[in-house]
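Step one of this worksheet: look at the structure below.
None of the values given here were measured: they were computed from a predicted structure. Numbers restart at 1 for each chain; the letters A, B, ... are given by sequence-line order, proteins then strands.
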There are 2 protein chains.
Amino acid sequence: MANSSEGTHRVTISDIAKRAGVSKGAVSLALNDRPGVSDETRKRILAIVKELHWSPNRAARALSAAKAGACGLVLARPARILALEPFFVELISGAESELSERSIALTIQLVHTVEEEIAVYRRWWAERRVDGILMVDLRTNDPRVEELRRLGLPAVVVGGPVRDDGLPSAWHDEAPVVADVVRYLATLGHTRVARVAGLGEFVHTATRTAAFLDVTSELGLAAEVVETDFEPESGARATRKLLSRPEPPTAIVYDSDLLAVTGLGVAHQMGFAVPDDISIVAWDDSLMCGLVHPPLTAVTRDIPAYGAAATKLLLATIDGHSPGDIVTPRGVLTPRGSTGSARAAQRESAPTN
Amino acid sequence: MANSSEGTHRVTISDIAKRAGVSKGAVSLALNDRPGVSDETRKRILAIVKELHWSPNRAARALSAAKAGACGLVLARPARILALEPFFVELISGAESELSERSIALTIQLVHTVEEEIAVYRRWWAERRVDGILMVDLRTNDPRVEELRRLGLPAVVVGGPVRDDGLPSAWHDEAPVVADVVRYLATLGHTRVARVAGLGEFVHTATRTAAFLDVTSELGLAAEVVETDFEPESGARATRKLLSRPEPPTAIVYDSDLLAVTGLGVAHQMGFAVPDDISIVAWDDSLMCGLVHPPLTAVTRDIPAYGAAATKLLLATIDGHSPGDIVTPRGVLTPRGSTGSARAAQRESAPTN
DNA sequence: CTGTTAGCGCCTTCAT
DNA sequence: ATGAAGGCGCTAACAG
């Protein structure tokens with residue numbers, strides 16, 4: 001009862017100053033480790049700061065520094081998809097590792113459309129609620145890029161590159177990784193391969209598809225690409241379509257782990273054995289790939305590192321440096337049980353549904 | 001070139017006031033829809049506000065209102081687990097639906113331990129970075145509850161109840177739901193059932209376990225509970241242990257969808273057919289449950305609604321009202337392909353590994 | 001009904 | 001080396 005107001009009272013710099021018998025300015029100098037105050041006084045002040053458990057008030061600091069002390073991330077995919085895409089949470093975890101060090105907050109908002117996303121950027125920046133943002137799911141001719149530039153809101157794109165003088169980005173060329181995957185399948189003897197892609201408007205989807213078609217044609221493989229909107233239902237449909245062909249592919253590369261797991265379920269359901277009848281490769285590796293049976297061969301990227309790199313770049317951009325793009329480490333193929341030799345699959349025609 | 005500073009200049013209330021030929025105070029009154037200014041002037045002011053695209057500066061508003069305009073959520077589970085637990089993203093999406101309406105931000109932080117979590121609360125509150133927080137994964141004798149009360153940081157627990165005069169919470173009694181699940185299995189003829197539980201320190205785990213043992217004993221079923229730490233490896237071990245018994249259970253209820261999917265993989269791997277040899281029930285339904293083969297019978301809750309209810313309660317708490325706990329709708333069992341009659345399973349002994 | 005004023009808590013000039 | 005003063009943008013309590 002006696003201390004009931006303990007949690008309520010705020011310690012301010014004035015309190016410190018009063019207690020130390022100096023001015024507010026002196027305290028400020030001492031706190032920021034700048035000259036203008038004697039060593040002894042500084043020590044005394046810092047001791048009192050500790051004793052009184054003083055912490056700077058973010059709002060006050062933000063106001064005087066004209067910095068929000070926060071970065072933003074807007075996600076424009078349906079929540080139930082996001083919930084299942086480990087990519088985003090891992091990205092967030094990587095971003096945080098950079099931010100929390102500098103005690104910058106991460107503000108997240110989920111929206112439904114790109115238009116809403118842009119509206120959020122406008123509001124955030126108008127209110128100076130964030131100092132910069134991380135942007136994901138870059139599209140070809142993405143309207144967000146121009147808008148962000150117009151606003152002057154510091155931003156970094158996760159997964160570029162953004163053409164011309166767009167925005168800085170953290171990315172790596174995925175074409176060689178696609179080539180690795182296709183060559184791996186070719187080595188296993190597959191001659192009919194397919195790709196279940198994500199949304200074609202996304203730059204990363206388009207890049208991977210182009211590379212896929214290039215490499216397969218170079219190797220003389222029969223190739224097919226089916227686009228989806230990343231929704232599991234859509235992925236299931238794509239898989240069903242592919243496996244219903246008179247001569248179905250013997251290997252399918254999916255554009256996310258979620259799509260791959262969906263494909264695995266559909267294959268099972270249609271009576272295809274994995275990997276004997278059909279090999280499956282996931283893009284982006286998460287725990288989920290290892291949980292299902294058989295465990296999925298996947299392209300593994302260190303996504304938290306990806307998020308951390310992008311965040312580092314963002315912080316530099318906010319600070320006014322304008323470093324070039326950051327190239328992140330490329331993904332590597334992690335073979336697991338879902339891929340196998342094509343011989344079994346080709347020996348006989350596919351099972352009927 | 002001419003407009004190059006467009007994105008940089010900030011419009012303030014002073015600008016509006018100058019332009020309208022009134023004082024800042026008048027503008028403030030007009031903006032906040034409060035009396036003290038004539039209707040005509042108000043209109044004129046609002047028009048200028050629109051014309052100049054004015055938005056309030058959060059930092060300034062926060063400073064003068066002594067409100068951060070943000071709520072916090074700290075998650076203390078490993079990122080790679082969080083990434084796969086749809087629960088959290090869905091919870092966030094529900095929370096946001098409430099927050100964004102009032103244009104309150106959601107600040108998220110991932111940490112490793114409860115101690116770190118508490119440290120974040122202290123810092124956030126000391127800095128007035130948030131106005132309140134949503135707390136998850138309540139434990140028995142949870143140290144966070146006392147600390148939050150001591151700090152005076154407004155908080156709501158998602159999934160209570162918190163005993164005594166702890167903190168307000170949004171929750172529902174899960175015992176009846178557990179009973180439903182067990183009765184459902186009993187009706188299918190199962191007599192040996194097991195539960196792969198989460199962390200026993202979590203209140204919801206303890207509640208479900210107690211209910212599970214109660215109901216099974218009441219129905220005369222052989223029951224066993226194995227605890228895990230929610231990690232897939234740990235869940236896999238538990239499943240392996242159960243299925244290696246001389247008389248293995250014919251049905252297992254898992255404490256999350258992630259654990260259930262893991263269990264399904266292990267069962268497949270050990271040569272158990274699902275649901276013929278072993279029935280599987282997941283707790284918390286997400287897309288993932290429908291993707292695997294066979295699709296998992298699961299306890300379905302409207303988690304976004306849960307998050308929204310908790311957030312509503314939090315906002316009320318912040319505003320100084322102290323409403324009682326909110327009781328959220330209970331989960332319902334959604335039967336799918338992973339549960340079946342026990343007859344097949346009991347007819348013969350379990351397959352060997 | 002209007003306009004002026006004084007803070008919110010911090011930082012950064014300036015004089016001293 | 002120190003202290004006093006002013007401003008960041010907004011709100012609220014005053015006078016006019």
Check: What salt bridge (Lys or Arg N to Asp or Glu O under 4.0 Å) pairs are there with at least one residue in residues 17-30 of chain A, not counting sequence neighbours?
Finding: R19(A)-E51(A)
Note to self: Is a donor from one side chain sitting under 3.5 angstrom from an acceptor on the other, for W54(A) and D15(A)?
What the structure shows: no
Checklist line | Separation of atom CG in D39(A) from atom P in dA1(D), rounded to whole Å | finding: 9 Å
Next item on the list: Whole angstrom is fine here: how far is it from NZ in K18(B) over to C1' in dG3(C)?
Entry: 16 Å
Notebook entry, point to check: So, R144(B) side chain and V114(B) main chain: donor-acceptor pair closer than 3.5 Å or not?
Noted result: no
Next item on the list: With axes from five pairs an end, tell me the bend angle of the helix from dC1(C)-dG16(D) to dT16(C)-dA1(D), nearest 10°.
Entry: 60°
Notebook entry, point to check: Quick check: are there more than 12 heavy atoms from other residues, nucleotides or ligands sitting under 6.0 Å from NZ of K312(B)?
Noted result: no
Check: Between D131(A) and R102(A), is the closest basic N to carboxylate O distance under 4.0 Å?
Finding: no
Notebook entry, point to check: Going by an N to O cut-off under 4.0 Å, is there a salt bridge joining R61(B) and E127(A)?
Noted result: no
Next item on the list: Identify whether NZ of Lys or CZ of Arg in R128(A) sits under 6.0 Å from the centre of the six-membered ring of W125(A) and within 45° of that ring's axis.
Entry: yes
Notebook entry, point to check: Which letters describe nucleotides 8-16 of chain C, given B = protein heavy atom under 4.0 Å from base, S = only from sugar-phosphate, - = neither?
Noted result: BBBBB----
Next item on the list: Provide the closest heavy-atom pair for W171(A) versus Y306(A) in the form atom of the first, atom of the second, distance.
Entry: CA-OH, 3.6 Å
